[in-house]
Amino acid sequence: ADIVAGLAVWAVLVPTSMAYAGIADVPPLVGLYTVPLPLIAYAIFGSSRTMVIGPDSATALLSGVTVGAVASQGSSDFLALTSALAMAVGVFFLVFGLLRMGWVANFIPEPAMKGFIEGLVWVTIIGQVPKVIGITGGEGDFFEKLWQVIGNLSNADLMTSIVGISSLVLLFALKKFLPRVPSALTAVALAVIAVMVFDLDSKGVRIVGEQKAGLPPFGFARVSLADLQAIIPGALAIVLIGYAESLGASKAAAAKVGGKIDPNQELLSHGPANIGSALSSGFVVVGSLYKTSVAMSAGGKTQLANLVSAFFVVRTLMVLMPLFKNLPVATLGAIVIQAILGLSDFSYMTRLVGINVRVFAVAMVAFFGVLSLSVLHGIALGVVLALVLLIYHAS
């Protein structure tokens, strides 16, 4: 059962990791570099029987935003800082775990977290829309990017739009009508075949291109002390948000398959997982409820499933990378949009209005803070406002 579950998780991990690499503003290949060592590290140190750790949309976006403020996208410094950020996150996880600071996650109130995630959903989507329809992406906050997308709609590439929108429709259709079919891998396979059969790359469809097969480059990223200091606030934010998300995923898994979750051990396990990702030129990783649910629905019982997934991801890197040469970037954008929409829970916001207007205000501050200021400022505003309200009630 674990071998079957490992194959099912592999079928999800490969396309989503390559897609989430785009959110972190790094090449798709880096997404696969990120996977094997964290899976092995969590299998050794984690307290959950079935949780799957790997690239995540929220922390990938935080990684891209944090590193993008220091280095220009596409440069060697950007890639080095992305791995250095994963290393810093891993060290913080280890330190917090050794100090038994699992209670820190309680300082992120659920309304602020929900508002942050809702804002994150739309910031991520507006960043992927240009890839799906073949237009130039814009800069700025959500509203500036939205205005730029609307202004460039007339310049959308027809063939790219057909591929991107078709991929998106296929992903949602498979999820609804054939939930056991690996929708992302199916969409990738069909898109690659379409590019090869109809020669779509010569008709304006942007593809991933030649990917170097082989194991990832191992070693420490070399960055300056000033650049390292600049990414520390982002690393702390990733630790807090990633830990809250991972703890929720591990507890949900334990509720279904049994077992006991140790919050401090979860902190410790994320340390070597992120350090392993950094040493293999990857980016930050956290526990994923979506991938964990895939493992459980496929019958996974233990962390052996994750070791099987890690093995097949390594085989993919060494043998199967030429198959991804003709993968359309629009399909990767569609995979991100479909996955990130699964995090949206707008009904939670509407329920908050009837429960407590002040608590609803906390969620809205986080939501609009993410849209209009930045990802980090949005969650910070929500947490600060929630703490102010707490002090107000206590006084």
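Note that the coordinates shown come from a computational prediction; the quantities given were computed from them, not determined experimentally. For reference, positions follow the sequence shown, starting with 1.
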Could you tell me whether the side chain of [Y] reaches within less than 4.5 Å of the side chain of [X], counting heavy atoms only?
X      : Y      : result
Phe324 : Val208 : no
Asp157 : Ile135 : no
Thr16  : Lys291 : yes
Val14  : Leu32  : yes
Ser63  : Thr66  : no
Val308 : Asp2   : no
Leu389 : Val362 : yes
Val35  : Pro55  : yes

**OP:** Begin from the C-alpha positions of Ile275 and Met87 and carry the test side chain to side chain contact (heavy atoms under 4.5 Å, CB included) through to its verdict.
**Re:** CA-CA 5 Å; Ile275 291 172; Met87 179 66 72; 3.8 Å; yes
Original post:
Nearest 0.5 Å, what's the CG-CG distance between Asp56 and Leu343?
Top reply: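 Answer rounded to 0.5 Å: 7.5 Å.
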Just wondering, are more than 12 heavy atoms of other shown residues or ligands nearer than 6.0 Å to [atom1] in [X]?
X      : atom1 : answer
Phe346 : CZ    : no
Ile3   : CD1   : no
Arg315 : CZ    : no
Phe220 : CZ    : no

So, the side chain of [X] versus the backbone of [Y]: is there a donor-acceptor pair under 3.5 Å, distance only?
X      : Y      : result
Asn326 : Met196 : no
Gln73  : Phe78  : no
Glu245 : Ser288 : no
Ser269 : Glu266 : yes
Ser293 : Tyr290 : yes
Ser395 : Tyr392 : yes
Ser309 : Ala305 : yes
Gln303 : Ser48  : yes
Lys212 : Leu29  : no
Thr292 : Met51  : no

Do [X] and [Y] land in one hydrophobic cluster if side-chain heavy atoms of ILVMFWY residues count as linked below 4.5 Å?
X      : Y      : value
Val9   : Val314 : yes
Val195 : Ile335 : no
Leu323 : Tyr33  : yes

**OP:** For Val294 and Val52, run side chain to side chain contact (heavy atoms under 4.5 Å, CB included): C-alpha distance rounded to whole Å, both residues' side-chain angles, the deciding distance at 0.1 Å, then the answer.
**Re:** CA-CA 9 Å; Val294 170; Val52 180; over 6 Å; no
**OP:** Apply the test side chain to side chain contact (heavy atoms under 4.5 Å, CB included) to residues Phe360 and Ile355: give CA-CA distance (whole Å), side-chain angles for both, the deciding distance (0.1 Å), then the verdict.
**Re:** CA-CA 8 Å; Phe360 173 72; Ile355 297 171; over 6 Å; no
**OP:** Measure the acute angle between the ring planes of His270 and Tyr42, then classify it against the limits of 30° and 60° as parallel, tilted or perpendicular.
**Re:**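 Because their plane-to-plane angle is over 60°, the rings of His270 and Tyr42 count as perpendicular.
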Original post:
Do you see a donor-acceptor pair shorter than 3.5 Å between the side chains of Ser347 and Asp345?
Top reply: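 On atom types as modelled, these side chains qualify, holding a pair under 3.5 Å.
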Original post:
Can Ser167 and Thr331 be counted as having a side-chain donor-acceptor contact under 3.5 angstrom?
Top reply: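 Their side chains do contain a donor-acceptor pair, which is all the 3.5 Å distance test asks for.
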Subject >> Taking every non-hydrogen atom, the tightest pair across Trp122 and Leu371 >> reply: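 Looks like CB-CD2, 4.2 Å.
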Original post:
To which residues is Val286 joined in a hydrophobic cluster, defined by side-chain heavy-atom contacts under 4.5 Å among Ile, Leu, Val, Met, Phe, Trp and Tyr, whether direct or through other members?
Top reply: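 When side chains under 4.5 Å apart are linked, Val286 ends up in no cluster with other residues.
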**OP:** With side chain to side chain contact (heavy atoms under 4.5 Å, CB included) as the test, would you mind laying out the steps for Ile241 and Met113 before giving the verdict?
**Re:** CA-CA 8 Å; Ile241 294 166; Met113 189 70 173; 3.6 Å; yes
